[in-house]
Number of protein chains: 2
Amino acid sequence: MRISNKCSMALHILVLLAEFTDQKLTSEQIAKSVGCNPVMVRNLLLKLKEAGLVATRRGIGGSVLMKSPEDITIWMVYQAVDASSFDGFIGLHPNPSLQCPVGKNIYSLLENPYGRIKDGMREAMEAITLQQLLDDYDINMSQSGSPPS
Amino acid sequence: MRISNKCSMALHILVLLAEFTDQKLTSEQIAKSVGCNPVMVRNLLLKLKEAGLVATRRGIGGSVLMKSPEDITIWMVYQAVDASSFDGFIGLHPNPSLQCPVGKNIYSLLENPYGRIKDGMREAMEAITLQQLLDDYDINMSQSGSPPS
DNA sequence: ATACGATGTAACTATTGAAATTACAAGAGA
DNA sequence: TCTCTTGTAATTTCAATAGTTACATCGTAT
């Protein structure tokens with residue numbers, strides 16, 4: 001298993017929502033900025049909504065952040081949009097021999113070490129907030145810019 | 001990008017080599033235990049050899065560990081067999097809009113946070129040795145067993 | 001009340017990357 | 001020299017991911 005582009009896309013979306021609070025951003029506009037399909041954006045927004053990070057509006061359209069950027073960690077975003085990839089994001093070979101004492105035990109052998117690796121990763125993700133990204137953004141962009149295109 | 005099965009397979013191979021030092025293990029036998037193709041095993045052994053972790057013998061066949069299990073970390077193994085996946089193992093969407101100020105900067109925005117996540121992962125990997133796996137193995141397997149099948 | 005523009009959601013297709021497979025050259029004994 | 005094994009490239013298969021199409025549903029404005 002593995003970590004897809006979804007986390008990066010979701011962070012991109014959240015940065016957009018945080019930066020352009022003054023205007024309505026539709027999935028179409030967001031997709032332009034992210035460089036992907038609007039349906040993908042909608043699916044991501046749905047997941048973020050289920051996690052309570054954003055609110056979307058049917059009919060009129062547009063999405064808004066529902067938490068302060070200091071309270072949104074990368075871990076929350078990742079869990080929201082790609083949770084299933086975490087458990088087992090280090091690939092396991094699927095057919096170890098049950099006849100071999102090593103093959104029979106390899107999964108349980110790797111469980112603890114891999115768990116520690118994932119812990120290290122999770123802790124790092126929990127320590128980074130959306131606000132930190134925004135701070136970097138403000139540093140990189142002294143002048144304000146216009147949204148998508 | 002992502003972490004393939006190679007790391008798990010390579011660890012499996014190293015555990016085999018460490019446990020069955022008394023007999024010659026060919027890529028064919030190892031493949032039986034790992035449950036994969038012998039060519040894949042050879043490719044992994046080649047990489048492990050380049051990294052100085054094992055030695056292989058043409059003609060006569062067989063592979064042996066070249067370092068003490070205490071001196072082999074998961075990080076070394078991972079780097080040996082799947083290094084290229086690490087830089088960028090968190091997927092990035094490939095076409096952010098350069099017209100949008102966020103899209104234009106998203107890569108540099110994510111660089112630092114993602115670097116910290118990878119650091120967390122790398123540090124955890126560096127802290128786990130093959131010997132620790134072997135210790136777990138000995139706990140799980142009080143009785144000795146026979147190799148592959 | 002109805003038309004319109006947006007989201008919500010399923011189904012399908014295309015694309016990509018990993019693993020398996022095939023094939024064969026080359027080294028090291030017996 | 002024959003045979004077994006490793007070394008290595010090329011090809012095929014397969015699964016996962018992203019993109020696409022299609023359409024129902026909702027809210028608002030006219």
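Residue numbers start from 1 in every chain, and the chains themselves are labelled A, B, ... in the order their sequence lines are given, proteins ahead of strands.
The NZ-P distance, from B:K24 to C:dG29, rounds to 11 Å in whole Å.
Of the candidates C:dA19, D:dA24, D:dT8, C:dA19 carries the atom nearest the B:K6 side chain, counting heavy atoms from C-beta on. Listed candidates were C:dT9, D:dT6, D:dA24. Nearest to the side chain of B:T26 is D:dT6. Nearest nucleotide to the side chain of B:S4, out of C:dA18, D:dT5, C:dG27: C:dA18. Closest approach to the B:M40 side chain among C:dA20, C:dA26, D:dA18 is made by C:dA20 (side chain taken as heavy atoms from C-beta onward). The side chain of A:L46 sits closest to C:dT9 out of D:dA18, D:dG19, C:dT9.
Between B:N95 and B:G62, it is B:G62 whose nearest contact on DNA chain D lies nearer the 5' terminus. Across the interface with DNA chain D, nearest-nucleotide mapping of B:S63 and B:P94 shows B:S63 to be the residue nearer the 5′ end. Each of A:V39 and A:G59 was assigned the nucleotide of DNA chain C with the nearest heavy atom; the assignment lying further toward the 5' end belongs to A:G59.
Between B:T56 and D:dG7 there is a side-chain N or O to OP1 or OP2 distance below 4.0 Å. For D:dA18, the OP1/OP2 oxygens have no side-chain nitrogen or oxygen of A:N37 closer than 4.0 Å. Of the side-chain N and O atoms in B:N5, one or more sit less than 4.0 angstrom from OP1 or OP2 of C:dA19.
For the 3.5 Å distance criterion, the side chains of B:Q79 and B:R122 fail to qualify, holding no donor opposite an acceptor. Side-chain polar atoms of A:Q131 and A:D135 form a donor-acceptor pair below 3.5 angstrom. Using modelled atom types, one finds no donor on one side chain facing an acceptor on the other under 3.5 Å when comparing B:T73 with B:Y78.
No donor-acceptor contact under 3.5 Å links the side chain of B:R42 to the base of D:dT6.
Using a 4.0 Å heavy-atom cutoff across all strands shown, A:K49 reaches sugar-phosphate atoms only and no base atom.
With sequence neighbours left out, the side chain to side chain donor-acceptor pair (under 3.5 Å) criterion links B:R58 to no other residue.
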